[in-house]
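Written out below as structure tokens is the structure these notes cover.
Numbered from 1 within each chain, the chains take letters A, B, ... in sequence-line order.
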Protein chains: 4
Amino acid sequence: MPDEYILNKIAAQLKATDKATVKQQKILDTAIRMFAEKGYSNTSTAEIAKEAGVSEVTIFRNYKTKENLLMSVILPFVTDLTPVLTEEFIGELKKACNSFEEFIRMMIYNRYNFIKSNKDIFQVVIKEIVYHEDLFKELLPEISRNALEFFNKTINTFKARGEIIDIPNGTMIRMMISLVIGYFTTRFVILKDSQLIDETSEIEYLIGFIINGLKKR
Amino acid sequence: MPDEYILNKIAAQLKATDKATVKQQKILDTAIRMFAEKGYSNTSTAEIAKEAGVSEVTIFRNYKTKENLLMSVILPFVTDLTPVLTEEFIGELKKACNSFEEFIRMMIYNRYNFIKSNKDIFQVVIKEIVYHEDLFKELLPEISRNALEFFNKTINTFKARGEIIDIPNGTMIRMMISLVIGYFTTRFVILKDSQLIDETSEIEYLIGFIINGLKKR
Amino acid sequence: MPDEYILNKIAAQLKATDKATVKQQKILDTAIRMFAEKGYSNTSTAEIAKEAGVSEVTIFRNYKTKENLLMSVILPFVTDLTPVLTEEFIGELKKACNSFEEFIRMMIYNRYNFIKSNKDIFQVVIKEIVYHEDLFKELLPEISRNALEFFNKTINTFKARGEIIDIPNGTMIRMMISLVIGYFTTRFVILKDSQLIDETSEIEYLIGFIINGLKKR
Amino acid sequence: MPDEYILNKIAAQLKATDKATVKQQKILDTAIRMFAEKGYSNTSTAEIAKEAGVSEVTIFRNYKTKENLLMSVILPFVTDLTPVLTEEFIGELKKACNSFEEFIRMMIYNRYNFIKSNKDIFQVVIKEIVYHEDLFKELLPEISRNALEFFNKTINTFKARGEIIDIPNGTMIRMMISLVIGYFTTRFVILKDSQLIDETSEIEYLIGFIINGLKKR
DNA sequence: GATGAATGAGTTTTCATTCAT
DNA sequence: TATGAATGAAAACTCATTCAT
């Protein structure tokens, strides 16, 4: 039942994004901006319609319900959030990553840039994640399955090489994600541009912290 | 001006909690539970009233506005969130903490227990923090002022002793808080009781991660 | 039925004013001030209670209903609005009034001063008169009965003397009242103190206007 | 600032009346009738909706707020209350008015008929004028500007001709308006149809009263 | 006599959604 | 396909009034 539910939503959403006419894109962009700014609950479809310069009905014809519109905003981003582990990308990674440190650095910078260029959607996701636990709890494993597999393999490799300490992979991954998401949230949702900081050095500290926290000595 | 604003709210809230009749406590408890479950925006005062077994008007007589009710839920918790650094407590800390590790362990267990016994309010705070950035941005420094001072002093001590690495205190504190809040959020907001895990060992990993991340070698 | 209704109200009100304790007077004063300022409908009993420094219940014990409070404000004033035609006053009038002009001048100055020292209640009455037409339609004849009688007699006297023109007494009285009430309303309800004008000369113009309008030539 | 405020309201109102669909007209008519009967404060939008046979939301879609609805009722009437002094009308006046008496008679009959065919709105205006002093204080001068100019010119002409007495124009106009409004109010707001009287002769008395009050002898 | 606590019925206003064109 | 018009349900909040103490 819950699976069906979610799959329905994905289906509806995919159908919607398939075409992506000019008006649809305008609606989507406006929705993203407003959800990010005021939150989903506090943004009315009337406001979105007005800002997007379309009639309210147009939204509903394209997205059926307001929640569906939210899904159409969130899902593509969440799907892309775990790095696309194409053969190509993995190859690149393997070539580039001679050490655990390089691996971490590459991943973090990669995701940092991805989120940076999708600030608004990231805000929406963070703000809504807590209200759609069920969705995310079911969605994430599915989405991250191959990513997880890859992570596990990689961690095991570095463990075998004796580079990193021996705590359960799940715990380790959760710690890292906590730290990274926590940093991104502070940076893009809480502080936003109100306190411009020296990006690079902050990220380097973050990387250093993780590396040291996991490095075997 | 903003200071006044917040102080007014605190005042209003304190005045409200001063008496705390039976019905008021019932309202507060119900509000906490429902805000935690469905979020502030998605919980109507009518629902709270019904669940609490009082009339809706009683809520408004005691808390004036719905937002004020939220504040009455949030503020006492936030105020208590930074540990009360009484002479006594600091003395105890100093006596107990011969190493940075002991210091971190003590702090984390202390806050873990505090949050564990206030799970619901913690959920509310986490869920609402993103919609009240301004409030928290102004409130937190004020509240954490003396805590920050104490942290800085302590960190400096351990830095001087050569126990921990030399990155800016602010960055270090933010990292630690990210990690700890991230862990608590995963534990109490996302997973809740759905995946009972071995608490102690998870916390120990967390502590280990922090210690290793900051320890000088 | 309507008679009973009104008499009940008067009775209730008289019972209330009989004692007129300190608190009651405070309530009455506050009600007058606030009804005058914001109107009956827009003033809540809660506000009155707060401003008067009593509990809301005290108002209701003393005045039974909010409308009754209004009546307790309005009725004594309305009763006194038509000049108290005591033997004494009439004697004084007769002695003083050798001409129609003197009669009109005396009456207008007399009522002007009465209303001036009851500005607020006058405002309340003017503002509420239109919402309680039934009350006033029934009340006024009763109240003005003896005044009317006196007016008629006086007008007839001056008509007989050939001082004033011969239009129906009722019409004449209504015209004069229109003009005078219109002036008082402009002066005390619309302009209030916003445009301080030369009182005496304005009143003299008013008197002149009436005199000329009615004088035979 | 206040000017803008009022102009905004007028703009909003004009925009609303521009289209005037069937339902909108129904809402307006019902509002006029009910405001006239029970007053603005004592009429709820729910009642209006029910009586007008539309849903409450439709009212708010068209008029935004309840106060705006009131403005949409009041403003067009107030704007039309001062006679439209077109070239044509003034020419007609000049041709017809050989004496001050004829001038007054024409004006009064003209406005009497206008108000008679807008009884209900007139009632609303009279009932609300006291609660919106600021609005009217600002609005009336603006609206009556050209009318005032014309009145002044006319009065000066008749003064020059020696037909009327020499009291300040402002005072004279205010007196006349007091008398006329007072009469109309008594006729249409207080008595309504409860006491049908001989219209024409009453108006003739009114005219006579004014003429005599101002005529030089 | 005085009041703090409580409320049912109502207020204006907003919302996501549907329908006729 | 697009939209102006319409709405039932619900939102936060206010009111005059009552009751137990």
Side-chain angles (χ1 to χ4, degrees), chain A residues 19 21-24 27 40-49 53-70, chain B residues 19 21-24 26-27 40-49 52-70, chain C residues 19 21-24 27 40-49 53-70, chain D residues 19 21-24 26-27 40-49 52-70:
Chain A
K19 329 178 198 184
T21 67
V22 170
K23 288 217 172 180
Q24 277 189 31
I27 292 169
Y40 172 76
S41 275
N42 305 316
T43 306
S44 73
T45 49
E47 286 174 298
I48 297 171
V54 302
S55 98
E56 222 176 330
V57 191
T58 306
I59 294 178
F60 282 93
R61 200 165 20 78
N62 286 316
Y63 297 95
K64 213 82 171 161
T65 65
K66 191 189 171 192
E67 211 198 331
N68 214 318
L69 173 59
L70 176 65
Chain B
K19 329 176 199 184
T21 67
V22 172
K23 291 222 170 182
Q24 275 191 34
K26 195 96 182 65
I27 291 169
Y40 172 75
S41 276
N42 305 316
T43 306
S44 76
T45 49
E47 288 173 298
I48 296 171
V54 302
S55 97
E56 217 177 333
V57 193
T58 304
I59 295 179
F60 283 96
R61 242 183 66 87
N62 288 318
Y63 297 96
K64 216 87 171 159
T65 63
K66 193 189 169 193
E67 209 199 329
N68 212 320
L69 173 58
L70 176 65
Chain C
K19 330 178 197 181
T21 68
V22 170
K23 289 219 172 180
Q24 276 189 31
I27 291 170
Y40 172 76
S41 275
N42 306 315
T43 307
S44 74
T45 48
E47 287 173 299
I48 296 171
V54 302
S55 97
E56 223 177 329
V57 192
T58 305
I59 295 179
F60 282 93
R61 201 167 17 79
N62 287 316
Y63 297 95
K64 213 84 173 162
T65 65
K66 191 189 170 192
E67 211 197 333
N68 214 318
L69 174 57
L70 176 65
Chain D
K19 330 178 199 181
T21 68
V22 171
K23 291 223 171 182
Q24 276 191 31
K26 195 96 183 63
I27 291 170
Y40 172 76
S41 274
N42 305 315
T43 307
S44 76
T45 49
E47 288 173 299
I48 296 171
V54 302
S55 96
E56 219 177 333
V57 192
T58 303
I59 295 178
F60 282 95
R61 242 184 66 86
N62 288 317
Y63 298 95
K64 217 88 173 157
T65 64
K66 192 189 170 193
E67 209 199 332
N68 213 320
L69 174 58
L70 176 65

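- In this view, Lys64(C) and Asn68(C) satisfy the side chain to side chain contact (heavy atoms under 4.5 Å, CB included) rule, not counting sequence neighbours.
- Judged purely by atom type and a 3.5 angstrom limit, Tyr40(C) uses its side chain to pair as donor or acceptor with the backbone of Glu67(C).
- What you find for Ser55(A) and Ala49(A) is that their closest heavy atoms are C-CB, 3.9 Å.
- Considering only residues two or more places apart in sequence or on other chains, Thr65(D) meets the side-chain hydrogen bond (donor to acceptor under 3.5 Å, both in side chains) condition with none of them.
- Rounding to whole angstrom units, CD1 of residue Ile59(C) and P of dC15(F) are separated by 13 Å.
- Across the interface with DNA chain E, nearest-nucleotide mapping of Ser55(C) and Glu47(D) shows Ser55(C) to be the residue nearer the 5′ end.
- Within the structure, every side-chain polar atom (N or O) of Lys26(B) is placed at least 4.0 Å from both OP1 and OP2 of dA6(E).
- Partners of Thr43(B) according to the side-chain hydrogen bond (donor to acceptor under 3.5 Å, both in side chains) rule, which considers only residues two or more places apart in sequence or in another chain, do not exist here.
- The closest side-chain heavy-atom distance from Ile48(D) to Leu69(D) is below 4.5 Å.
- Proximity of Arg61(C) to Thr58(C): side-chain heavy atoms (C-beta onward) are separated by under 4.5 Å at one or more points.
- Qualifying ring pair (Phe, Tyr, Trp, His ring centres under 6.0 Å) partners for Phe60(C), counting only residues two or more places apart in sequence or in other chains: none.
- At whole-Å resolution of the value, CG in Asn42(D) and C1' in dG10(E) are 13 Å apart.
- Rounding to whole angstrom units, CG of residue Asn62(B) and C1' of dT7(E) are separated by 13 Å.
- DNA chain E contains the following stems of three or more consecutive Watson-Crick or G-U pairs, with both distances under 3.5 Å: E:2-21 with F:2-21.
- Look at CD1 on Ile27(B): it is 11 Å from P on dA5(E), rounded to the nearest Å.
- Thr58(C) has a side-chain polar atom (N or O) that falls below the 4.0 Å cut-off from OP1 or OP2 of dT3(E).
- For the pair Arg61(B) and dA5(E), the criterion of a side-chain N or O lying under 4.0 Å from OP1 or OP2 is met.
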Letter per nucleotide, 5' to 3', of nucleotides 16-21 of chain E [B base touched, S only sugar-phosphate touched, - untouched; heavy atoms, 4.0 Å]: BBBB--

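- Between Asn42(C) and Glu47(C), the shortest heavy-atom contact is O-OE1, 3.8 Å.
- Atom CD1 of Ile48(C) and atom C1' of dT14(F) are 15 Å apart (whole Å).
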